[in-house]
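Written below as structure tokens is the structure these notes are about.
Start at 1 and go down the list; that is how both ligands and their atoms are numbered.
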Amino acid sequence: MTPPREEIPMRINRTRLMESMDALGRVGETPRGGLTRLALSDEDRLGRDLLVRWMREAGLTVTIDRMGNMFGVRAGREALPPVMMGSHADSVPTGGRYDGQLGVLCALEAIRSLDDHGIRTRHPVGMIVFTNEEGARFQPAMLGSAVLAGKIPLEDAYNARDKDGLRLGDELERIGYLGPEPCAARPYRAYLELHIEQGPQLEEEGLQVGVVEGIVAIAWSRLTLRGVQDHAGPTPMRIRHDALVAAADVIGGVRALARRIGGDIVTTVGRLDVVPNIPNAIPGAVSLSIDVRDPDDRQIDRALEGIDELVREAARREGVTYDLAHYWRVPRTPFHADVVGAVEDAARSVGCGYRRILSGAGHDAQYMAAVCPTGMVFVPSRAGRSHCEEEFTAPDDIEPGANALFLAALSLAGRAE
Ligand SMILES: [Zn+2]
């Protein structure tokens, strides 16, 4: 006898989800169990091919826009704006297999689960796979969602180049994912993104789900220092203009700035390019990146002023010239109260441990918050590690998050009886 529908627990299929994680995780897998699937690489193409096949097999209507963002939509009973779930499928080099991919596959799993339970929703329910979220190959990060939200012009995104000079637009075309649909905001009921926390808070507190209230403000700067390249032997110290010495001052200064401002601010110099980068020449030019984050936009303003000053001083001391560009900024993004509430209610009914949390990392949800009511579900990261091969979230921690995503999407889409 079939039990009445109410008695079937409304849950996702954990086995199927983990099988999908394994299958997609093999595309671009590294020998140590991590993932290298850079945006618009051959591996990205293979991963996309698999996702498109799965979306079609799940009966979704699949479309691809001019930025290569991929959409799969399951019809609702009414022609209303859809509830979308999603994340990205690109990775950093030797990254992990949970960042991005998990959110995409939990979205797919939630949709497959609607079918398992024979559920019709009022609003359509769909998924989005965003292009170039990581910013590892093409800068800035989150380009697919940025163009969709109208924050960056499509042509500017196309003209982004990787370190080998390859153009994003050309690479998108090369892998066959420059789609016909306009890359533009559409009316959505809501956007929900499940993602690994990438920090230690949930694990430290023994919780399974983070109900994300918003994302911290982020600013990226790029600095080029130009000194005088010369021989490391015959050139006396008193006449040197060493770009790397000035850069070292800047790096120390950026760290000290965070200590001085205090609170939750974090500052990072993550990239350094030294010319000519050989043992026996005084470095003639150095380029470096500066990443600043804080929950409060005013603290970012303070930090950028501080950076202007410390760069000026470091350059003056060493007698070098410089270009400093604060070229990318995303303000603090609060998520929509209704969506945050839906995620919290869902976490409660899943019966897991949860708390409200702020994201220190940028996500596509940050741009989607400008398009429609948006929220996120975090799951724990072991030891807080991410963007590395050790990145790991236990299936026991994935399942409650995936169920929270599923139930939150269902409640926002409304059940059609
Ligand atoms: Zn991510």
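The minimum distance between the Zn ion (ligand 1) and any N, O or S atom of Asp99 involves atom OD1. When you scan the N, O or S atoms of His195 for the one nearest the Zn ion (ligand 1), you land on NE2. Taking the Zn ion (ligand 1) as reference, His88 places its N/O/S atom NE2 nearest.
With respect to Met10, the side chain to side chain contact (heavy atoms under 4.5 Å, CB included) criterion is satisfied by exactly one of Ile119, Asn403, Leu114: Ile119.
With hydrogens and angles disregarded, no donor-acceptor distance shorter than 3.5 Å links the side chain of Arg74 to the backbone of Val125. Checking side-chain atoms of Asn69 against main-chain N and O of Gly144 turns up a donor-acceptor pair under 3.5 Å. Using modelled atom types, one side-chain atom of Thr131 and one backbone atom of Gly68 make a donor-acceptor pair closer than 3.5 Å.
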